[in-house]
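One structure is given here, and the rest of the page talks about it.
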Amino acid sequence: QVQLVESGGGLVQAGGSLRLSCAASGSIFAIITMGWYRQAPGKQRELVALITSGGRPSYADSVKGRFTISRDNGKNTVYLQMNSLKPEDTAVYYCYADYRSGYWGQGTQVTVSS
């Protein structure tokens, strides 16, 4: 019964900010690498950011300096703070957990208007 539930998506103007959350529940008893991917219409799903069990973040070049991934292990939650949003950031954002064969959230829509 492992579940990843995303929230925080929405519509924002270019230059604005959003904060995505991913709450993990179920049979995950270890602190593991988690991350965020995104998929725009007609495009392949791409990695946005990862955070290791020790809290080390990594980012796609396209979001470096604008996005911040973090985690709260006590709440079993991973966050993605997105600042200075651009229209090209528009996509469905998916939470990912590198546990066993991997788990995905249902996705949350982020739309950035120009």
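Note that the structure is predicted; figures quoted are calculated from it, not measured. For this chain, numbers begin at 1 and follow the sequence in order.
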Checklist entry - Could you walk me through whether S70 and R19 pass the side chain to side chain contact (heavy atoms under 4.5 Å, CB included) check? => result CA-CA 11 Å; S70 61; R19 184 176 177 86; 4.2 Å; yes

Separation of [Y] [atom2] from [X] [atom1] (nearest 0.5 Å):
| X | Y | atom1 | atom2 | result |
| --- | --- | --- | --- | --- |
| L4 | N76 | CG | CG | 10.5 Å |
| S62 | E88 | OG | CD | 8.5 Å |
| L11 | T111 | CG | OG1 | 6.0 Å |
| Y99 | I31 | OH | CD1 | 13.0 Å |
| T90 | Q109 | OG1 | CD | 7.5 Å |
| M82 | Y93 | CE | OH | 5.5 Å |

Test item: [X] and [Y] side chains (from C-beta on) under 4.5 Å apart, heavy atoms:
| X | Y | answer |
| --- | --- | --- |
| E46 | Y37 | no |
| S17 | R66 | no |
| Y59 | L47 | no |
| Y79 | D72 | yes |
| K43 | R38 | no |
| F67 | L20 | no |
| I69 | L50 | no |
| T68 | L80 | no |

Which atom pair, heavy atoms only, marks the closest approach of [X] to [Y]?
| X | Y | result |
| --- | --- | --- |
| L18 | G8 | CD2-O, 3.8 Å |
| P87 | A14 | CD-CB, 4.1 Å |
| V12 | L85 | CG1-CD1, 3.5 Å |
| A24 | M34 | CB-CE, 4.4 Å |
| G55 | P57 | O-CD, 3.3 Å |
| C22 | W36 | CB-CZ2, 3.6 Å |

Checklist entry - Do side-chain atoms of E6 reach the backbone of C95 as a donor and acceptor pair under 3.5 angstrom? => result yes

Checklist entry - Does the S53 side chain pair with the main chain of I32, one donor and one acceptor, at a distance under 3.5 Å? => result no

Checklist entry - What orientation do Y96 and W104 show, parallel under 30°, tilted 30 to 60°, or perpendicular over 60°? => result tilted

Checklist entry - Can T33 and I51 be said to form a side chain to side chain contact (heavy atoms under 4.5 Å, CB included), step by step? => result CA-CA 6 Å; T33 294; I51 186 164; over 6 Å; no

Next on the checklist: Membership question, hydrophobic clusters at under 4.5 Å side-chain separation (ILVMFWY): are Y94 and V112 in the same one?
Outcome noted: no

Checklist entry - Is K86 salt-bridged to D89, going by a charged N under 4.0 Å from an acidic O? => result no

